[in-house]
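Working notes, beginning with the structure itself.
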Amino acid sequence: MPRRTASSLGLVVVAVIAVAGCNASSATPSGSAAPLATASPSATELAVTPTPTASSSSPAASTVTQTVTEWGRIWDALPPSFPIYPGATVTTEIGAPASAQFVVPTDVATATAWTKSALDATGLRTTLSGPLEDGSMTLDSVGPGGCAAMTTIARTGGVTTVTVLYGAACPFS
């Protein structure tokens, strides 16, 4: 039996870890984000890595958890009815808890105009705040039954990011 060197054994371990990492990333459903760490990095520490969406299905409301944030209680995912900018990719490296976070292939102004129009089309009343000092825009949306959502669109680490807090009082459908 041939003898394995430390370097060939190391390559085997790296390959196993890489395959396991690929399988784990494909489990994130489209329109949802994995639970996030509660620490918020500073803008200089922030590294955003898009994660391609794995499928077009969304979790059922009975399987989606909720998180209490400074903004209020939110769903830990978005329902299929929530509008997502075309070509958006899910990211989970922005920091604070959110219902979903995306990298979008456009600038802040274009993403903001599209998102506001799409949210208004769903029946939510949406108001725009911004641009703030950092150039970000915030869309505050309200709907029936106490439904509220906050969407923040910002330039982060060289890409445009969309962060959504989708209130727990909103329907998940």
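Sequential numbering from 1 along the given sequence is applied to the chain's residues.
- The CG atom of L78 sits 10.5 Å away from the CD atom of Q101 when rounded to the nearest 0.5 Å.
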Q) Yes or no on side chain to side chain contact (heavy atoms under 4.5 Å, CB included) for L139 and T112, after CA distance, side-chain angles and deciding distance? A) CA-CA 8 Å; L139 298 169; T112 300; 4.2 Å; yes
Using residues 102-111 as the side-chain source, report each donor-acceptor pair under 3.5 Å to any protein atom, sequence neighbours left out, with the distance given to one decimal.
from	atom 1	to	atom 2	distance (Å)
D107	OD1	A109	N	3.1
D107	OD1	T110	N	2.7
D107	OD1	T110	OG1	2.9
D107	OD2	T110	OG1	3.4

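- The OG1 atom of T160 sits 4.0 Å away from atom CZ of R155, with the distance rounded to the nearest 0.5 Å.
- How far CG of L165 is from CD of E70: 10.5 Å, rounded to the nearest 0.5 Å.
- Side chains of T67 and R73 form no contact here, defined as non-hydrogen atoms less than 4.5 Å apart.
- D76 CG to T65 OG1: the interatomic distance, rounded to the nearest 0.5 Å, is 3.5 Å.
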Please list every donor-acceptor pair under 3.5 Å in which a side-chain atom of residues 122-130 meets a protein atom from a residue at least two apart or in another chain.
from	atom 1	to	atom 2	distance (Å)
T122	OG1	L119	O	2.6
T126	OG1	D120	OD1	3.4
T126	OG1	S141	OG	2.8

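- With a 4.5 Å cut-off on side-chain heavy atoms, T115 and I153 count as touching.
- Scanning for ring-ring contact (aromatic ring centres under 6.0 Å, His included) contacts around W114 gives Y85, with sequence neighbours left out.
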- request: Show your reasoning for whether side-chain hydrogen bond (donor to acceptor under 3.5 Å, both in side chains) applies to T161 and T156.
  value: CA-CA 6 Å; T161 59; T156 309; 3.1 Å; yes
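- Atoms CD and CZ, on Q66 and F172 in that order, are 9.5 Å from each other to the nearest 0.5 Å.
- Among residue pairs with one or both ends in residues 121-156, those qualifying as disulfide (SG to SG under 2.5 Å) are C147-C170; sequence neighbours excluded.
- Side-chain contact between V64 and W75 is present, with heavy atoms from C-beta onward closer than 4.5 Å.
- If you take OH on Y166 and CD1 on I74, they are separated by 12.5 Å, rounding to the nearest 0.5 Å.
- The ring pair (Phe, Tyr, Trp, His ring centres under 6.0 Å) pairs that include a residue from residues 134-153 number zero, where partners must be two or more places apart or lie in different chains.
- For residues 137-156, the set of pairs meeting the ring pair (Phe, Tyr, Trp, His ring centres under 6.0 Å) definition, not counting sequence neighbours, is empty.
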